[in-house]
Amino acid sequence: MAERGEAIVLIGFMGTGKSATAAELCLRTGLPIFDIDAMVAAKLKSPITRIFETLGEEAFRDEETSALGSIPRVRSVVVTGGGCVLRSANVELMRQLGTIVWLQADEETIFRRTAERNDRPLLRSDNPRERIAKLLAAREDLYRDAAEISIDTRTRTPRDVADAVLAELPRLAATQSVGYSP
Ligand code: S3P
């Protein structure tokens, strides 16, 4: 297998604070951010909601995989979309990039946080709470299986989450031969 990269790869459901945590990690470490959603939107020159409407979810997933595969093997923070773990090939690409960190939250917290915005096509439903519950149930094991580090974000601010990530990385590196070194 190819040598592991040194990226911090953030995974987790919508509303778990991946982007905000990446911004905090960037402030602390100076690492560049690769945000898959932003890369897809920039490539197709279209917001994610519109990509779902015009091309459909499968086409979006293909673009997601292609964006993930295009990220250079450099020290960075990679922000994945909540559905990136649905394809095992994506998880393999994430592993090659670096250490996979799962930002966790429960249904209630996710519902509260995601209710503030309307730009998530999968939650545009008459009953977003039910949708969250179903998607979460279908995905939780995928996040758990992919992750090397899990951080509970329920009562933490993005700044606290970033601190927790940076505290966990050296601990993991000490027990395994993962790439990240502070
Ligand atoms: C999705 C999550 C979104 C975005 C798209 C699909 C998902 O990203 O990729 O709307 O399937 O969970 P965030 O997790 O950043 O909201």
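Please read these numbers as outputs of a predicted model, since none were measured by experiment. Ligands are counted one by one from 1 in listed order, and the atoms in each one are counted from 1 as well.
Under the salt bridge (charged side-chain N to carboxylate O under 4.0 Å, His left out) criterion, Arg131 pairs with no residue at all, not counting sequence neighbours. Asp163 is linked by a salt bridge (charged side-chain N to carboxylate O under 4.0 Å, His left out) to Arg28, counting only residues two or more places apart in sequence or in another chain.
Using a 4.0 Å cutoff on heavy atoms, Glu57 does not count as a contact of ligand 1. At a 4.0 Å cut-off, not a single heavy atom of Glu63 sits close enough to ligand 1 to count as contact.
For Gly82, a nitrogen or oxygen atom sits less than 3.5 Å from a nitrogen or oxygen atom of ligand 1, counting backbone and side chain alike.
Around atom 8 (O) of ligand 1, the closest heavy atom drawn from Ile36, Thr114, Asp37, Leu123 belongs to Asp37.
Leu93 places a side-chain heavy atom less than 4.5 Å from the side chain of Gln96.
Under a 4.0 Å criterion applied to the non-hydrogen atoms of Gly81, ligand 1 contributes the atoms 8 (O), 9 (O), 14 (O). Taking every heavy atom of Pro121 and a limit of under 4.0 angstrom, the matching atoms of ligand 1 come to 10 (O). Contact atoms of ligand 1 toward Arg120: 16 (O) (distance under 4.0 Å to a heavy atom of the residue). For ligand 1, the atoms lying closer than 4.0 Å to a non-hydrogen atom of Phe60 are 9 (O). When each atom of ligand 1 is checked for a heavy atom of Lys18 under 4.0 Å away, the hits are 13 (P), 14 (O), 15 (O).
In this pair, Tyr143 and Phe13 present their aromatic rings perpendicular. The plane angle is above 60°, beyond the 30 to 60° band.
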Apply side-chain hydrogen bond (donor to acceptor under 3.5 Å, both in side chains) to Asn90 and Thr65, showing your working.
CA-CA 6 Å; Asn90 289 354; Thr65 302; 2.9 Å; yes

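Partner of Thr153 under the side-chain hydrogen bond (donor to acceptor under 3.5 Å, both in side chains) criterion, chosen from Gln104, Arg113, Lys18: Arg113.
Environment of CZ in Arg159: sparse, with no more than 12 heavy atoms of neighbouring residues, nucleotides or ligands closer than 6.0 Å.
Only side-chain heavy atoms of Arg139 come within less than 4.0 Å of ligand 1; its backbone N, CA, C and O stay farther off. With a heavy-atom cut-off of 4.0 Å, Leu122 touches ligand 1 through its side chain alone.
A distance-only check finds a donor-acceptor pair linking the side chain of Arg156 to the backbone of Asp152 [under 3.5 Å].
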